[in-house]
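Numbered from 1 within each chain, the chains take letters A, B, ... in sequence-line order.
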Amino acid sequence: MDASKIDASKIDAGDRALDGDEVRRLRQALDEQEQRGLRLLADFDNLRRRSVREQDAARREGRRAALLPLLAVLDTLERALAVGSIDADFYEGMAATHRQFMTALREAGAEPVASVGQPFDPNVHEAVATAPSESVQPGTVVRELRRGWRLDDELLRPAQVVVAEAPKAPVAAKANDPWR
Amino acid sequence: MAKVIGIDLGTTNSVVAVMEGGDPLVVPNQEGSRITPSVVAFTKDGEILVGQIAKRQAVTNPENTVFSIKRFMGRRYDEVEQEIKLVPYKVVKASNGDVRIEIRGKQYSPPEISGMILRKLKEAAEAHLGEKVTQAVITVPAYFNDSQRQATKDAGKIAGLEVLRIVNEPTAAALAYGLDKKSDEQIAVYDLGGGTFDISILELGQGVFEVKATNGDTHLGGDDFDQRVIDWIADEFAKQNGIDLRRDRMALQRLKEAGEKAKIELSSTLSTEINLPFITADATGPKHLVMTLTRAKLESLVADLVERTIEPCRKAMKDAETTAADIDEVILVGGQTRMPKVQDTVKQLFGKEAHKGVNPDEVVAVGAAIQAGVLAGDVKNVVLLDVTPLSVGVETLGGAMTVLIPRNTTIPTRKSEIFSTAADNQTAVDIHVLQGERPLARDNRTLGRFQLVGIQPAPRGVPQVEVAFDIDANGILNVSAKDMATGKQQQITITASSGLDKAEVERMVREAEANAAEDARRRQEIELRNQTDALVYSTERTLAEQGANLPEPDRRAVEQALNEAREALKGEDSDKIRRAQDNLTRVAQTLAEAMRRQSSSGANGGQGGAGGSRGSQTDDVVDAEFKDASDPKS
């Protein structure tokens, strides 16, 4: 019964002649709807594209978050190796463990950042100190305090390095060092 | 429509955010970080570095690495002589008395330096949005004077940004918590950042914030907290090993990182291990640093720092001519406010819990983005998609509520379901439309009810009635019921669902949560009752058809069990109903066996037997079938 009422009203509207004002109004309303529809489509398209990008970023962030804490363990292992051991067999075992760790990181897509002997590059190096050097150009990395790592084309963490400076300049940490 | 970005241009760090689809979103920079250090460096090759990269090279290039530029924005040289002593870069006096930074013989004004930071943030936003950005809202401390605000605007212009508005940082924080929707309130904003502490007292009139008073300490922040932890670790280690780690560049670096990490961890745990193996070595061999720092110890290390924030708060309240009791809202800004001791101190000071939820490092930028969104008219351009605040559905057998459209469904939406009759030869069904989160119809709100009549007489469960709910974009609910056999239809339109205010919706949701256990128990009771009822019904039918094939004692046992079940259903005793149901299930087994004997002795299989109909009993009669509306009826 209700349905028939609606039908009747539709027929009613269809029969009536539309005046100019109403045509204009309807056309404008249609325009607005079309604009809105287009905008919605555009928004959706942008969202879809961005969601692909964000998924990619999230995946990378996940790998990054998993790898980063492991690097500190590797640092410690390297420090231990640097100290050495009087037990040659034990030392050899630890050295092999270290190689295994490095291989595992490489398999996961991580690569060490080259530092010593390279010109200092703040994109991948973090300067922790400067040191006078007679043998290399100022601005060259002379020592690596902590190895830097790259994950694919992104920096996982910068290498912490000591950078050569011209020999005459004052050395060591400044008394007033804001970079604590 | 071009986007307007919101920028928190901080002393140590800056953050950029933008409104997207009606929500503020912090934009990560090109290096993937949500926070950009407010540092600008000039390399000897003439390159300008901004942010984390500038910070990394600072040690090699201290005279040409500019940080804390905000401290010099819009200031005259004579006003900032103390600040100048604290920075390693060269600060000079311009001919008009303003501050200039001299880098490799060239002079830069503070707005130029800030502009470089803003440009980086602008580019980050453009990369993220995929479109040009030309307009921004930038925040400044509430105490900034006209010349400092003008300098900030100039910085924006230099970066290619039209600054639509300069917003006070505490006001932005209040916006981020939506406090602008309130009125006649006093708000305290406690901002403990990396290097500065600010307290602001705001008064909110009709949507307008007025800064009543500000106070603070320009050299107190999270960095001081870190230093205390580092010193403690180093002192403890020196006591045990006689070695001062602060003299070893490499060890100090590790100490700083471990100290900050420990501080952060102690905001969520009571104790943390600082573990730095092979930290150094002496003649006796390698030394390991392993110590435990408790939250209590950390609190004692920084007690005086936290204490130092109290007096400025008191002064600010005094200046604002208010008291803690008159402060309605407290907001925390800055990473260091994550520390429980800081939160406790603030709570004691103002006698109330602070707002939480928005990241305190980002809350100012988020507020700036909200203001930017308002100025951009974003709200008008977004097709606002609303959600239903509460579930809607119909009452089904036993007084249960069957939800058709769950709460928080985005509207417009349409949902339909097929229902059936509860009794034999029932010719009308009641459609009782409900709104709410409780499983029992009587605990929910009635939106309306109507009857669909003229259903052709049939056994219960056979007629199919399609009930459709349709909520349009304006929240108007249309409910229709259609008899699939005859095509007869009845409907109702309900506009009342939009009449609920927020408090009422919240109350209904809260009640549903509070009564969840009791409701679940009652729902089970209804299900048990419905199951038993259906079992009685099907057993009766089978008995009527097959009773003659059953030995007299068995038949009497079934009848007796049926009577017991009917009797139990009249009462409210669940245990009694359950026992009766169990008993009936057991004796009905004999009926099923009788039918099997009957069918195996030749009589064409019967009709699947009582066992078959029992299998479908749990479906119960009302929501007998669940079909998509587009399915043609069978």
Item to complete: Under 4.5 Å heavy-atom distance to chain A, tell me which part of B:Glu257 shows up: side chain, backbone, both or neither.
Response: side chain

Discussion item. Report, in residue-number order, which members of residues 278-287 of chain B are under 4.5 Å from chain A by heavy-atom distance.
Written reply: B:Phe278, B:Pro286

Practice prompt. For side chain to side chain contact (heavy atoms under 4.5 Å, CB included), just list the numbers for A:Asn123 and B:Ile53, CA-CA rounded to whole Å, side-chain angles, deciding distance to a tenth of an Å, and then say yes or no.
Written response: CA-CA 6 Å; A:Asn123 287 300; B:Ile53 294 173; 3.0 Å; yes

Worksheet, complete the sentence: Scanning both residues in full, the closest heavy-atom pair of B:Thr60 with A:Val163 reads CG2-CG2, 3.5 Å

Practice prompt. Evaluate the side chain to side chain contact (heavy atoms under 4.5 Å, CB included) criterion for residues B:Arg56 and A:Gln160: first the C-alpha distance (whole Å), next the side-chain angles of each, then the deciding distance (0.1 Å), finally the verdict.
Written response: CA-CA 9 Å; B:Arg56 275 186 208 139; A:Gln160 288 178 340; over 6 Å; no

Worksheet item: Hey, which of A:Leu47, A:Asp121, A:Val128 has the most heavy atom pairs under 4.5 Å with chain B?
Response: A:Val128

Worksheet entry | Flag side-chain contact, heavy atom, 4.5 Å: A:Arg79 against B:Arg254 | yes

Worksheet, complete the sentence: Cut-off 4.5 Å, heavy atoms of chain B, and the answer for A:Arg53 is side chain

Worksheet item: Just wondering, are more than 12 heavy atoms of other shown residues or ligands nearer than 6.0 Å to CZ in B:Arg247?
Response: no

Discussion item. Is there a side-chain contact between A:Arg143 and B:Arg249 in this structure, where contact means two heavy atoms from C-beta onward sitting under 4.5 Å apart?
Written reply: no

